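Only a predicted model underlies this, so the values are computations on that prediction, with no experimental measurement involved. In each ligand, atom 1 is the first atom listed, and ligand 1 is the first ligand listed.
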Amino acid sequence: MTAAGASGPARDVLAVKYGHRVTTRAESYLNFHLYGEPDTDLDIDYFFWVIRDGADVFLVDTGFAPEAGDRRRRAHYGTPAQLLPLLGIDPAEVTAIVITHAHWDHIGNVRQFPRAQLVMTEAEYAFWTSPLAARRHFAAHSEPEEIELLAQRRQGGTLSVFTGQFTLAAGIELIEVGGHTPGQLIVTVAAPGGSTAVLASDALHFYEEVERDRPFAILADLPAMYRAYDTLAQLASQPGTHLVAGHDPAVRDRFAGYAAAWPPSQAEAAGDGGGAAAVTDLTRPHAG
Ligand SMILES: [Zn+2]
């Protein structure tokens with residue numbers, strides 16, 4: 001662990017965009033017809049998040065498995081095992097993986113990290129290993145063998161669960177909010193310079209959900225989802241605290257790009273805006 005200075009600990013907090021799709025607003029917002037607006041296309045990005053904390057590397061989610069992405073027709077640009085080395089990180093160095101929830105696009109590459117400790121909420125684990133998870137509206141968003149792997153990791157002692165709040169490391173808090181899934185969690189990360197990044201994952205797919213009070217279309221519990229938006233809005237009202245939405249391309253406008261050790265050839269490989277992996281520095285929010 002690097003010594004903490006007056007400006008706070010040396011810590012990288014990164015969003016890695018690894019996939020993309022074009023969807024629509026009607027498909028993304030619950031009962032979109034209520035708003036009386038025309039439907040339009042909506043870009044959706046897929047991210048996982050990296051916290052590099054001295055010798056420790058924490059991953060927040062792992063993205064989807066390439067084969068599951070192909071089956072569901074999502075463009076994808078790399079798995080954590082492929083992309084972390086471009087950031088100078090050996091995947092074997094990953095200390096722990098936070099599982100924000102058990103949807104397919106967040107736990108698809110857990111198998112790449114046999115030695116990392118996994119952490120998730122008890123409610124999330126209990127739900128996805130229960131019979132209800134097989135019902136169509138839940139099963140549509142999961143991959144059975146990926147849930148089975150979580151169960152194996154729990155039996156093997158490398159998956160731990162918590163309820164409420166859990167301190168992963170100094171300045172890194174996991175907070176259970178529910179709503180989108182039964183045990184969805186968010187992560188608050190104290191960053192160098194005194195700012196705090198709130199990794200909302202799918203408690204907030206798009207900023208509009210909080211800023212225009214529009215619930216996302218996929219959910220387990222609407223009152224809990226609204227309460228999660230209130231929790232996020234309350235956090236965002238605190239000085240220096242910035243929300244990081246889980247699927248919103250605007251993340252890359254609201255924070256600075258991360259240039260260090262990221263080969264430009266990778267960004268150029270697939271051409272224009274939507275078509276390449278990209279890394280955003282969540283310790284450097286743009287003003288405003
Ligand atoms: Zn997601």
Original post:
Tell me, do S201 and D61 make a side-chain contact under 4.5 Å, heavy atoms counted?
Top reply: yes
Original post:
How long is the span from the CD1 atom in I218 to the CE atom in M225, to the nearest 0.5 Å?
Top reply: 8.5 Å
**OP:** Determine the sole option in H103, H20, H247, H76 for which the ring pair (Phe, Tyr, Trp, His ring centres under 6.0 Å) test with Y46 is passed.
**Re:** H247
Subject >> Side-chain heavy-atom pair R212, Y35 within 4.5 angstrom cut-off >> reply: no
Original post:
Could you state the interatomic distance from OG1 (T62) to CD1 (I99), rounded to the nearest 0.5 Å?
Top reply: 7.0 Å
Subject >> Within-2.8 Å protein N/O/S contacts of the Zn ion (ligand 1) >> reply: D105 OD2, H106 NE2, D202 OD2, H247 NE2
**OP:** Please tell me if the side chains of L219 and L30 come closer than 4.5 Å, counting only heavy atoms from C-beta onward.
**Re:** yes
